[in-house]
Protein chains: 2
Amino acid sequence: MKLVTRDTDYALRALCYIAAHKDTMMPAGGLVAALDIPRPFLRKILQTLNRNGLLKSYKGQGGGFMLAKPAERIFLLDLIKVFQGPFKLNECLFKREACPNTKKCVLKQRLDRIEEHVLRELKNITIASLLRKH
Amino acid sequence: MKLVTRDTDYALRALCYIAAHKDTMMPAGGLVAALDIPRPFLRKILQTLNRNGLLKSYKGQGGGFMLAKPAERIFLLDLIKVFQGPFKLNECLFKREACPNTKKCVLKQRLDRIEEHVLRELKNITIASLLRKH
DNA sequence: GACAAATGATACAAATATGGTATCATTTCT
DNA sequence: AGAAATGATACCATATTTGTATCATTTGTC
Ligand code: FES
Ligand code: FES
């Protein structure tokens, strides 16, 4: 029942750190030192972020990662999608059986409403919004 | 990211069926026949429901299960708690690191709000409300 | 009392998801 | 050429989910 798994969490932290050091090329080593994330796992995560257009990577000496787009346009929801698949709280419960409600399923309606609400809220969470000191 | 796991789902279906046949003693065999649930798994689930005060069980020939309380007072949330542990979407993401927001964590605040909302909604879902044809 | 029909308790097992490691190839700067 | 970085990919350990299997106990009926 976790909304956010470990890899999403790590990705979020890495992106925040990279965003906080904007205009600096950030190698994996720097992130490992700063955040407390196992190196090979972080590397895999960074590669995934790169493949999915959230980071730009630069190989070779002096290389590393930078944000692929402004922090305002990177959403927690993006990370959830990348690492946890499409956001879907709401698969039909009575999978193998007809729903007890012949016409419209109250349960499905309600879970749909919940999911919509969660989505709306998640859509407001960006990397930028997590960095703002206020 | 499932809100509801298989055992919760099965429990819900079983309870609905038992509720729909109120005043009838319902043995596990009856439920297996009606719903499409593997028998040993269902038996385990029924035993759990009994232990947690959601069903009353009667042993011996002619025995079976009945609701332990009115369908209006059995909540989906009860099932989630029993089978999936306490409802908690919201463990701190930056577990091992200081949060980027020194004082109050925007992320935690927001996830808290989401969790509260989901809880409020879930609290409205009872077995009775799923049975109502309307 | 014997037997059958039910649940109780509990241990075991398979499948899947999660959280990670390890290795080698490739690029690029110096 | 060599070092420092990422890319690709295969592997592995653990936890969780989704079950199965077995035997003991209770209880109604003949
Ligand atoms: S639970 Fe799926 S339609 Fe009702
Ligand atoms: S994420 Fe936990 S306090 Fe900020």
Side-chain angles (χ1 to χ4, degrees), chain A residues 1-14 18 24-33 35-66 68 79-80 82-86 88 91 93 95-96, chain B residues 1-14 18 24-33 35-66 68 79-80 82-86 88 91 93 95-96:
Chain A
M1 213 176 5
K2 267 177 303 187
L3 194 56
V4 160
T5 53
R6 223 66 207 296
D7 38 15
T8 306
D9 170 0
Y10 287 159
L12 184 64
R13 287 164 54 188
I18 295 170
T24 309
M25 181 67 76
M26 185 63 64
L31 293 165
V32 168
L35 318 167
D36 186 24
I37 303 177
R39 184 187 182 106
F41 196 22
L42 177 60
R43 290 240 303 129
K44 192 165 70 168
I45 289 168
L46 292 171
Q47 289 182 12
T48 303
L49 289 174
N50 176 52
R51 271 199 306 277
N52 287 86
L54 299 175
L55 285 178
K56 272 189 300 193
S57 76
Y58 302 87
K59 286 171 143 187
Q61 199 169 19
F65 297 90
M66 296 190 67
L79 303 183
I80 291 180
V82 164
F83 293 102
Q84 310 178 40
K88 204 84 189 70
E91 299 172 36
L93 295 183
K95 293 190 189 69
R96 323 203 207 188
Chain B
M1 214 174 6
K2 268 177 302 189
L3 193 55
V4 159
T5 53
R6 222 66 206 294
D7 38 15
T8 306
D9 169 0
Y10 286 160
L12 184 64
R13 287 164 53 186
I18 295 170
T24 308
M25 182 68 74
M26 185 63 62
L31 293 165
V32 167
L35 318 167
D36 185 25
I37 304 178
R39 184 189 182 103
F41 196 22
L42 177 61
R43 290 238 306 126
K44 192 165 70 169
I45 289 168
L46 293 171
Q47 289 181 13
T48 303
L49 290 173
N50 177 52
R51 270 199 308 279
N52 287 86
L54 299 174
L55 285 178
K56 272 189 300 194
S57 75
Y58 302 88
K59 286 171 143 188
Q61 198 168 22
F65 297 90
M66 297 189 67
L79 303 182
I80 292 181
V82 164
F83 294 102
Q84 309 179 43
K88 203 83 189 72
E91 298 172 37
L93 295 183
K95 291 190 191 72
R96 324 202 206 186

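In what follows, every heavy atom counts, from backbone to side chain, and hydrogens, waters and symmetry copies are set aside. Quick caveat: nothing in here was measured; it's all calculated off a predicted structure. Convention: sequence-line order gives letters A, B, ...; per-chain numbering from 1.
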Checklist entry - Looking only at heavy atoms, which two atoms of B:Leu55 and B:Asn50 are closest? And how far apart? => result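 Minimum heavy-atom separation between B:Leu55 and B:Asn50: O-OD1, 3.2 Å.
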Checklist entry - What's the shortest heavy-atom distance between B:Ala11 and B:Ile45, and which atoms? => result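 Result for this residue pair: CB-CG2, 3.8 Å.
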Next on the checklist: Any non-hydrogen side-chain atom of A:Leu31 less than 4.5 Å from a side-chain atom of A:Leu46?
Outcome noted: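 Yes; the side chains approach each other to less than 4.5 Å.
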Item to check | Heavy-atom side-chain proximity of B:Tyr10 to B:Phe41 below 4.5 angstrom | outcome: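 B:Tyr10 vs B:Phe41: side chains touch.
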Give the rounded distance in Å between these two atoms: [atom1] of [X] and [atom2] of [N].
{"X": "A:Phe83", "N": "C:dG20", "atom1": "CZ", "atom2": "C1'", "answer": "14 Å"}
{"X": "B:Ile37", "N": "D:dT20", "atom1": "CD1", "atom2": "P", "answer": "12 Å"}
{"X": "A:Asn52", "N": "D:dA8", "atom1": "CG", "atom2": "P", "answer": "12 Å"}
{"X": "B:Leu42", "N": "C:dT7", "atom1": "CG", "atom2": "P", "answer": "9 Å"}
{"X": "B:Phe65", "N": "C:dA5", "atom1": "CZ", "atom2": "P", "answer": "17 Å"}
{"X": "B:Lys59", "N": "C:dG8", "atom1": "NZ", "atom2": "C1'", "answer": "5 Å"}
{"X": "B:Leu31", "N": "C:dA6", "atom1": "CG", "atom2": "P", "answer": "12 Å"}
{"X": "B:Arg43", "N": "C:dG8", "atom1": "CZ", "atom2": "P", "answer": "8 Å"}

Checklist entry - Pick the nucleotide of DNA chain D nearest each of A:Met1 and A:Gly60; which residue has the one closer to the 5' end? => result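 That would be A:Gly60.
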Does a side-chain N or O from [X] land closer than 4.0 Å to OP1 or OP2 of [N], or not?
{"X": "A:Ser57", "N": "D:dG7", "answer": "yes"}
{"X": "B:Asn50", "N": "C:dG8", "answer": "yes"}
{"X": "A:Tyr10", "N": "C:dG20", "answer": "yes"}
{"X": "A:Thr5", "N": "C:dA17", "answer": "no"}

Next on the checklist: Strictly distance-based, threshold 3.5 Å: is any side-chain N or O of B:Thr8 a donor or acceptor partner for the main-chain N or O of B:Val4?
Outcome noted: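 Here the side-chain-to-backbone pair does not exist.
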Can you tell me which nucleotide in [options] comes closest to the side chain of [X]?
{"X": "A:Phe41", "options": "D:dT18, C:dG20, D:dT6", "value": "C:dG20"}
{"X": "B:Pro27", "options": "D:dT6, D:dG19, C:dA6", "value": "C:dA6"}
{"X": "B:Lys2", "options": "D:dT29, D:dA4, D:dT17", "value": "D:dT17"}

Item to check | First encountered from the 5' end of DNA chain C, between A:Gln61 and A:Lys44 | outcome: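 Closest to the 5' end, via its nearest nucleotide, is A:Lys44.
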Next on the checklist: Can you work out whether A:Gly62 or A:Pro40 has the more 5'-proximal nearest nucleotide on DNA chain C?
Outcome noted: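 The 5'-side residue here is A:Pro40.
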